[in-house]
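One structure below.
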Amino acid sequence: MATYLNPGNESFRVIRNGKYVDKTGLVDYINGTIDTPFKMTCFSRARRFGKSFAAKMLCSYYDKTCDSHELFDDLEVAKCLSYEKHINKYDVIYLDMTWFISTTEDIKHIVGDIQKSVIDELNECYPNARVGGETSLPRALLKAVSYTGDKFIVIIDEWDALFREAKDDDALQREYVQLLRGLFKGGAATDKSIAAAYMTGILPIKKYGTQSALTDFKEYTMVEPLALSEYVGFTEDEVKSLCKEYNMDFDEMKKWYDGYAFSEIKSVYNPNSVMNAIKFRKFRSYWTSSETYESLKSYIGMNFNGLKDAIVSMLGGEKIRVNTVRFQNDVTSFESRDDVLTLLVHLGYLAYDEIERGTYIPNLEVSDSFEAAVEGREWGIVEKAIADSDKLLDATIKGDADAVAAALEKIHESNFSILKYNDENSLSCAVTIAYYTARSHYRIIREFPSGRGFADIAFLPYKSTDKPAMIVELKYNKDADTAIRQIKEKRYDGKMREYCGSDNLILVGINYDRETKKHSCLIERI
């Protein structure tokens, strides 16, 4: 057992010693790619979404120097036809790029260090293969296969770390890409030496212009995970099972950590956060840190036309249509607001709706990050509105209509064009921002199907809160009384009771008068 060549199964054994949610279906998927034209897989996901767990699992399964049956026999993959055919049958090369970066004396030499480190272990393990004089890892692997007769499976964890850590060193990045091309785009030589490759990281494969640097790889990303959607994070069934086993509130778990959705899987949770909530018996933000606040703040503060308005709209609960195709898959080549928003999807700060092609803020945990990042003079009234939103909710529940109208007046004074509204949709965005922190207590739904139409905004209280349900109806150039009357006439409150089972319901009517540029509000409690 070595560090890079056949690292054994101890890492996955440690994972199995804790609570393990079975994701070994991924093994069967990779088995199906071995020695096929689709043998190169790059599966990028946001940080803390289980990337390293998956890489260690694959190492343990394929490594021919150990017997991993006891670690896999009780898992899903053991039921698959491919299980026995491939378990512990390959030489494995495992590269953890973050480890190389953290231990190198000079990052500029890292590509040479990687090749030397692996070649030294190959030489030690297979001295008769005569790879000791080689400086090229692709040639060394070809020699080793000629000696052993066994192809390699190459697993690279955090493959894109170099693009993030040395983001301005284009020469080093190109040297690294050349190494990967030598390993994986060597034509007949690659087919002779590589049975399969699996790379995982945060970013998709770097583009140069419109062309991927490694065109032979099939990519699965936070934008388009395709057949690997269920392995991006925890599915809803998996989380429900965990909540039942550990007696945790599923509704709270969903509120905090759900929100990522794909066409194949409608509900995906951040696995690291779910497991931490179980471990510490507390729902809070585990995924973020002060470092991530600063990172997010730097991205959302970039000076691209329409970016800040897009962020404000998403704070107000909207989805923003985004072109994800032109993004160059790095952290420096930004040409538009869409590039920034696409990066935030890959980083996990935003979720992406494949059908509507729109981005949105997925859950309360990520909302906390945005709340922390929206600070400073450039965000003006938006930051103030978020800071005051607890007071606004309290005023609404107490029936203080004047305070609600005054709060919306402040929002309307914003410099953000999206909040200089001229229709009910813009007004709805402003109202949702004004009640931003209410999402800790409520599931907030815009255009809520109710009675004989759609209520503008519904506030459905979570089981863990004692807050009343609320319906907010908005009017433009009419009056607040008309809004309240519409709620009653269209029986929006009846549908709310179906959802909430609550007789404690607040009706809120809000109107904006274009002539006077004033808001009016009327509040009734049923």
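Below, all heavy atoms of this structure are taken into account, side chains as well, without hydrogens, waters or symmetry copies. Just so it is clear, the structure is predicted and the values come from calculations on it, not from any experiment.
No donor-acceptor distance shorter than 3.5 angstrom exists from the side chain of Asp251 to the backbone of Tyr462, with no hydrogens or angles considered. Judged by distance alone, the side chain of Glu252 and the main-chain N or O of Phe283 form no donor-acceptor pair under 3.5 Å. Looking only at distances, no side-chain donor or acceptor of Thr359 sits under 3.5 Å from a matching main-chain atom of Leu341.
With 3.5 Å as the limit, one finds no donor-acceptor pair spanning the side chains of Ser333 and Gln328. For the residue pair Asn276 / Ser273, no side-chain donor-acceptor distance below 3.5 Å is found, with atom types taken as modelled. Judged by distance alone, the side chains of Thr200 and Asp157 never bring a donor and an acceptor atom under 3.5 Å apart. Side-chain contact annotation: Gln486 with Lys475, donor-acceptor N/O pair under 3.5 Å present. Ser336 and Asp338 form no side-chain donor-acceptor contact under 3.5 Å, judged by distance and modelled atom types alone. In this model, a donor atom of one side chain and an acceptor atom of the other lie less than 3.5 Å apart for Glu236 and Tyr269.
Atom OH of Tyr198 and atom CH2 of Trp159 lie 14.0 Å apart (nearest 0.5 Å). Between the NZ atom in Lys297 and the CH2 atom in Trp379 there is a gap of 10.5 Å [rounded to 0.5 Å]. Expressed to the nearest 0.5 Å, how far OG1 of Thr465 lies from CG of Leu460 amounts to 12.5 Å. One finds the CG atom of Asn17 at 10.5 Å from the CZ atom of Phe12 (value rounded to the nearest 0.5 Å). To the nearest 0.5 Å, the span separating CZ on Phe234 from CG on Asn272 amounts to 9.0 Å. Taking CD1 from Ile386 and CG from Leu315, the interatomic distance works out to 5.0 Å, rounded to the nearest 0.5 Å.
Taking Arg357 as the reference, nothing meets the side-chain hydrogen bond (donor to acceptor under 3.5 Å, both in side chains) condition, with sequence neighbours excluded. Every side-chain hydrogen bond (donor to acceptor under 3.5 Å, both in side chains) that Glu524 has, sequence neighbours left out, goes to Lys488.
Side-chain atoms of Ser267 and Lys254, non-hydrogen and from C-beta on, do get closer than 4.5 Å to each other. Residues Asn477 and Tyr512 are not in side-chain contact: their nearest non-hydrogen atoms beyond the backbone lie 4.5 Å or more apart. With a 4.5 Å cut-off on side-chain heavy atoms, Ile300 and Phe370 count as touching. Annotation: side chain of Met222 is in contact with side chain of Tyr260 (closest heavy-atom distance under 4.5 Å). The shortest side-chain heavy-atom distance between Tyr435 and Ser389 does not fall under the 4.5 Å cut-off. Arg45 places none of its side-chain heavy atoms less than 4.5 Å from the side chain of Pro271. A 4.5 Å side-chain heavy-atom check between Asp160 and Met97 finds every atom pair outside the cut-off. Side chains of Ile101 and Thr98 form no contact here, defined as non-hydrogen atoms less than 4.5 Å apart.
Heavy-atom minimum distance, Thr332 versus Lys167: CG2-O, 3.5 Å. Ser263 approaches Lys266 most closely through the heavy-atom pair O-NZ, 3.5 Å. Contact between Cys42 and Phe217 at its shortest, heavy atoms only, is N-CD2, 3.8 Å. Looking at every heavy atom in both residues, Thr24 comes nearest to Val77 through OG1-N, 3.1 Å. For the residue pair Val268 and Phe262, the shortest heavy atom distance occurs at CG2-CE1, 3.7 Å. Here the closest heavy-atom approach between residue Leu307 and residue Met302 is recorded as CD2-O, 3.4 Å.
A cation-pi arrangement is present between Arg439 and Tyr436 under the rule of less than 6.0 angstrom and at most 45 degrees off the ring axis.
For Glu264, the CD atom counts as densely surrounded, since its 6.0 Å shell holds more than 12 non-hydrogen atoms of other residues, nucleotides or ligands. Asn303 CG: 12 or fewer foreign heavy atoms inside a 6.0 Å radius.
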(request) Check the pair Asp339, Thr342 against side-chain hydrogen bond (donor to acceptor under 3.5 Å, both in side chains), reporting the backbone distance first and the verdict last. (result) CA-CA 5 Å; Asp339 289 342; Thr342 303; 5.5 Å; no
(message) Under the criterion side-chain hydrogen bond (donor to acceptor under 3.5 Å, both in side chains), I'd like the reasoning laid out for Asn504 against Arg525: C-alpha separation, chi angles, the key distance, then a yes or no.
(response) CA-CA 7 Å; Asn504 189 11; Arg525 182 184 291 269; 2.6 Å; yes
(request) Could you please spell out the steps behind the side chain to side chain contact (heavy atoms under 4.5 Å, CB included) verdict for His519 and Asn511? (result) CA-CA 6 Å; His519 298 76; Asn511 178 67; over 6 Å; no
(request) Carefully, step by step, assess Leu393 and Tyr442 under the rule side chain to side chain contact (heavy atoms under 4.5 Å, CB included). (result) CA-CA 11 Å; Leu393 177 60; Tyr442 294 93; 3.9 Å; yes
(request) Under the salt bridge (charged side-chain N to carboxylate O under 4.0 Å, His left out) rule, what do Lys23 and Glu76 come out as? Steps first, then yes or no, please. (result) CA-CA 8 Å; Lys23 292 292 186 179; Glu76 178 186 348; over 6 Å; no
(message) Run the side-chain hydrogen bond (donor to acceptor under 3.5 Å, both in side chains) test on Asp456 and Ser428 for me, step by step, so that the C-alpha distance in whole Å, both residues' side-chain angles and the decisive distance to 0.1 Å come before the verdict.
(response) CA-CA 7 Å; Asp456 285 327; Ser428 179; over 6 Å; no
(message) Test salt bridge (charged side-chain N to carboxylate O under 4.0 Å, His left out) on Lys398 and Asp394; report intermediate values, then the result.
(response) CA-CA 6 Å; Lys398 290 179 178 178; Asp394 186 56; 3.0 Å; yes
(request) Assess whether side chain to side chain contact (heavy atoms under 4.5 Å, CB included) is satisfied between Asp400 and Asp402, documenting all intermediate values. (result) CA-CA 6 Å; Asp400 190 343; Asp402 290 340; 3.9 Å; yes
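Comment: Asp330 engages Lys206 in a salt bridge, judged by a side-chain N to carboxylate O separation of less than 4.0 angstrom. Between Lys19 and Glu245, at least one side-chain N (NZ, or NE/NH1/NH2) sits under 4.0 Å from a carboxylate O, which counts as a salt bridge. Taking the charged nitrogens against the carboxylate oxygens, Glu318 and Arg446 do have a contact shorter than 4.0 Å, which makes a salt bridge. Of the charged side-chain nitrogens involved, none lies within less than 4.0 Å of a carboxylate oxygen, so that Asp513 and Lys517 do not count as a salt-bridged pair. In summary, Asp481 and Arg485 engage in a salt bridge, as defined by a charged side-chain N under 4.0 Å from a carboxylate O. A salt bridge is defined here as a Lys NZ or Arg NE, NH1 or NH2 lying under 4.0 Å from an Asp or Glu carboxylate O, and Glu158 with Arg164 meets this definition. Salt bridge absent: Lys463 and Asp249 never bring a charged side-chain N and a carboxylate O closer than 4.0 Å.
Taking the six-membered ring where tryptophan is involved, the planes of Phe334 and Phe327 are essentially parallel, since the angle between them stays under 30° and well short of 60°. A tilted orientation is assigned to the rings of Tyr286 and Tyr257, their planes being inclined by 30° to 60°.
Between Tyr231 and Tyr220, the distance from one ring center to the other does not fall under 6.0 angstrom.
No option in Ile506, Leu505, Val508 other than Leu505 meets the side chain to side chain contact (heavy atoms under 4.5 Å, CB included) test with Ile471.
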